[in-house]
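Since the structure comes first, as C-alpha cells, the remarks are kept for the end.
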Number of protein chains: 2
Amino acid sequence: MMGPMSDAPWMHRLQTDAGYLLYRLGQRSGSLFNAALEQHGLRLRHHAILRYLATVDGARQRELADRLGYDPSAVVTLLDDLQRLGLAERRADPADRRNRIVVLTEAGRELLRTADSDSRRVTDDLLQPLDAADRATLLALLRRLAEPIS
Amino acid sequence: MMGPMSDAPWMHRLQTDAGYLLYRLGQRSGSLFNAALEQHGLRLRHHAILRYLATVDGARQRELADRLGYDPSAVVTLLDDLQRLGLAERRADPADRRNRIVVLTEAGRELLRTADSDSRRVTDDLLQPLDAADRATLLALLRRLAEPIS
DNA sequence: AACAATGATTGCTGTTGTCAATGATTGCTG
DNA sequence: CAGCAATCATTGACAACAGCAATCATTGTT
C-alpha cells in the first residue's frame, strides 16, 4: 500500500543510524515476543530465565541477574511469578545459605518446549525479509555486538 | 576478565536467537542514546522527532506518530517538552483546523547539530566490535528488517 | 569479636507502552 | 442541509520496566 520507502527522503536521517534502528527493531521484537508468550502467562523476561535455566540446571539468582542483565530486584519478582506458575523452584544452597538455587520444574521444562517453538515463530516472522544466508550473517554480527554485555 | 563467551555452553539457547539479541541490543542502544542526550535535556524519542522534523519541515502530529511508531498521546507530551524547550512549535493548519503542524525552531535546528554528533558517537561506540565493512553489512540488513514498519 | 562484603529482598521513582474516552473539526451521505 | 461517521489532538488511567537506595541474613576476613 505504501511501497518500499528506502528511498523516501525523510528516511535518510533515521534509517541510516544503526543505533536507532537497533532500538526500534528491539522494541518491535520485544512486543512480538510478549504477544506470543501471553498465552502461557509469561513475558519475554520470564522466558529468558526459563531458557537460561534449561541450559545450566541450577543457577543462583545473582547469576541470573548478571547473565541476563536484569536488576536483582527484578529477578525476585520474575521468579515469584515462575514459582507461582509452578515452572521453577528456589532451593536452598547447603554450601552458602545466602544463595537461592533456582531450578526448572518438570512443568517448566515441558512448557519451555512449546514456548520455544512459539518464539522461534516470532523470530522467523521478524526475519522474514531476509533469506537464510542473510539471517546467518545478521545473527553472526549481532552476536559479536552482544558479546561485550552478556 | 571474562574472555570471549561465544563458546560458553549456557550461551547457546539465548545467543542463537536473533529476536532476543535484537531485543537486548535495542535496550542497550536506547539507554546509551538516552545517556548521551541527557545533557541536552532530551531523550531518545525527542531526538527522533527533531531529526524527523529536520527532514520534512512541517509535519502533522499524526504523521509523527505513524512514522515514528509512537502513540499519538505520547507525541503530545513529547511535543510539550520540545515546545517548552523552545525547540519546536505547533502551528495552525489553515487547511484543516484539526491538525497541528509541527515545525523546528531555529534553536531546534541548532541543537540538532550538536545532538546529532553526540548520537553518532553512541552508534560508533555500539558498533565498535565491527569494522567498517561489517557495519555497512549490518546497517543494510537492519534497514531491510525495518522496512515493514516505518 | 568486629567488620566488610555478598545475596536476596523490599520499596520507591520516573519512564514507557497501551488503551479507552473526550472534544473539536471535517467529510460524507441521504 | 442535517445528521453521522471518521479523523486529529488531547487527557487520563494502568501495567510494565529500569534503576536506585535501604534492609536483612549470611559469610569471610582480620
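So that the names make sense, note that chain A is the first sequence line, chain B the second, and so on, each numbered from 1.
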| request: For B/Gln61 and D/dT7, give me the distance from atom CD to atom P, rounded to whole Å. | output: 17 Å

| query | What is the distance, rounded to the nearest whole Å, between atom CD of A/Glu63 and atom C1' of C/dA8? | reply | 15 Å

| request: Check the pair B/Leu126 / B/Leu25 against side chain to side chain contact (heavy atoms under 4.5 Å, CB included), numbers first and verdict last. | output: CA-CA 9 Å; B/Leu126 204 63; B/Leu25 288 170; 5.7 Å; no

| Value in whole Å for how far the C1' atom of D/dA16 lies from CG of A/Leu78 | 11 Å

| task | Write out all pairs satisfying salt bridge (charged side-chain N to carboxylate O under 4.0 Å, His left out) with one or both partners inside residues 72-84 of chain B, taking only residues at least two apart or from two chains. | result | B/Asp80-B/Arg90, B/Asp81-B/Arg84

| Atom pair distance, as rounded to whole Å: OH in A/Tyr23 and C1' in D/dC17 | 13 Å

| Residues two or more places apart in sequence or in another chain: which of them pass side chain to side chain donor-acceptor pair (under 3.5 Å) with A/Thr123? | B/Asp17

| Linking Ile, Leu, Val, Met, Phe, Trp and Tyr by side-chain heavy atoms under 4.5 Å, what else ends up with A/Val76? | none

| request: Find the distance A/Arg62:CZ to C/dA5:P and express it as a whole number of Å. | output: 14 Å

| Euclidean distance, atom CD1 of residue B/Ile49 to atom C1' of C/dT16 [Å, nearest integer] | 14 Å

| Who pairs with A/Ala36 by side chain to side chain contact (heavy atoms under 4.5 Å, CB included), at least two apart in sequence or on another chain? | A/Val122

| Taking the side chain of A/Asp71 as its heavy atoms from C-beta onward, which of D/dC17, D/dC20, C/dG7 lies nearest to it? | D/dC20

| task | Using atom OH of A/Tyr70 as one end and atom P of D/dG19 as the other, report the distance to the nearest whole Å. | result | 12 Å

| message | Run the side chain to side chain contact (heavy atoms under 4.5 Å, CB included) test against B/Ala88 and tell me which residues pass, sequence neighbours left out. | response | B/Leu53, B/Leu82, B/Val102

| Quick one, which residues of residues 82-103 of chain A touch DNA chain D with a heavy atom under 4.0 Å? | A/Asp96, A/Arg97, A/Arg98

| Can we say B/Asp66 and B/Arg62 salt-bridge, meaning some charged N sits less than 4.0 Å from an Asp/Glu carboxylate O? | yes

| d(CZ, B/Arg24; C1', D/dC17) in whole Å | 13 Å

| request: Give each stem of DNA chain C as a range with a range, requiring at least 3 consecutive Watson-Crick or G-U wobble pairs whose two distances are under 3.5 Å. | output: C:1-30 with D:1-30

| Who are the side chain to side chain contact (heavy atoms under 4.5 Å, CB included) partners of B/Asp134, not counting sequence neighbours? | A/Leu141, A/Arg144, B/Leu130, B/Asp131

| said: Using the side chain to side chain contact (heavy atoms under 4.5 Å, CB included) criterion, which residues pair with A/Arg121? Sequence neighbours excluded. | reply: A/Ser117, A/Asp118

